[in-house]
Amino acid sequence: MAKRRKIYEGKAKILYEGPEPGTIIQYFKDDATAFNNQKQAVLDGKGVLNNRISEFIMTQLNAVGLPTHFLRRLNMREQLVREVEIIPLEVICRNVAAGSMAKRLGMEEGAQLPRSIIEFCYKKDELGDPLVPEEYITAFNWASNQEIDDMVAMTLRVNDFLTGLFAGVGIKLIDFKVEYGRLYEGEMVRTVLADEISPDSCRLWDAATGEKMDKDRFRRDLGGVTEAYREVARRLGIFRDEQAGAEIVALETGGGK
Ligand code: UDP
């Protein structure tokens, strides 16, 4: 079998050329990084869990008419997605003060915000993905005004959807990050949700106890990172039960791939 072509390797994923033109394979690694690569670790089974959780969320978003790049999951660590041109922005949506916002404004983590707030960060690792105003985005041609409007509207829909989804399983959605891509279809270009949505890119707190169930467990050395991700997957009904989730992850991490 011919070796497939690697298109790009990022911190948590590898992109390979897909089987048909216009498709890409997203491979989810177990690698975790934080603070602009200063902190690194391999967390057994994280990639398997994020592949499943992102599949689950993207499938449901597609079903409510929110266009995404997701086509289908291929195996434990890979999913087939549409090839898009990534808009070089991280779109962050916040419901509750946490992380960099709490720090910047001297707010207590956990304070409810007066309304959902959207921020844009310029995707540039060397600069640590700085927060940028919309003026920069249009002046430097990173995205058009129409694309900014699309991203804001879509991100607010994603927020409403995810807030309800997680609330239904006893999880509070604090904030999250999404990325968008340009999907070229003949003469037309559409803005679609891309990348992944997983506990790597969301802040998720247990609604009853406030316990963190996301990447902050890694960032802040709280331990139990994959266990927390597995619990998110279990609550969403992705695995039949805790046992099945543990077995699937063990099988996959033990079995190479
Ligand atoms: N986030 C992300 N990738 C990044 C930066 C942030 O997925 O490169 C997510 C993060 O997990 C959180 C939200 O975006 O859910 C807001 O993150 P924040 O700006 O507070 O940054 P942090 O505190 O993680 O530096």
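Just so you know, these numbers come straight off a predicted model, no measurement behind them. First listed ligand is number 1; within each ligand, the first listed atom is number 1. Positions are given from 1, in the same order as the sequence printed here.
In K215, neither the side chain nor the backbone holds a heavy atom less than 4.0 Å from any atom of ligand 1. In K103, neither the side chain nor the backbone holds a heavy atom less than 4.0 Å from any atom of ligand 1. When non-hydrogen atoms are compared, ligand 1 lies under 4.0 Å from the backbone of C202 (N, CA, C, O) but not from its side chain.
Salt bridge present: E109 and R220 bring a charged side-chain N and a carboxylate O closer than 4.0 Å. Using a cut-off of 4.0 Å between Lys/Arg side-chain N and Asp/Glu carboxylate O, R4 and E78 are scored as salt-bridged. Under the 4.0 Å criterion applied to side-chain N and carboxylate O atoms, E211 and R217 are assigned as salt-bridge partners.
In this structure, atom 7 (O) of ligand 1 lies nearest to the protein heavy atom K177 CE, 3.2 Å.
Numbered from 1 in the order shown, with element, the atoms of ligand 1 that lie under 4.0 Å from a heavy atom of D129 read 8 (O). Taking every non-hydrogen atom of G99 and a distance limit under 4.0 Å, the qualifying atoms of ligand 1 come out as 20 (O), 23 (O). Residue-ligand proximity, S100 to ligand 1, at heavy-atom distances under 4.0 Å covers atoms 18 (P), 19 (O), 20 (O), 21 (O), 23 (O). Each of the atoms 7 (O), 11 (O) of ligand 1 lies under 4.0 Å from some heavy atom of D200. Heavy-atom proximity to R219, at under 4.0 Å, picks out these atoms of ligand 1: 10 (C), 11 (O), 24 (O).
Here atom 12 (C) of ligand 1 lies nearest to D175 when heavy atoms of D175, V178, D216 are compared. For atom 22 (P) of ligand 1, the choice among M101, R203, K123, R94 with the nearest heavy atom turns out to be R203.
Of the polar atoms of E119, none of the N or O atoms is found under 3.5 Å from an N or O of ligand 1, judged by distance alone.
Ring geometry for Y27 versus Y16: interplanar angle over 60°, hence perpendicular rather than tilted (30 to 60°).
Only one option out of V48, L49, L43 pairs with K46 in a side-chain contact (heavy atoms from CB on, under 4.5 Å); it is L43.
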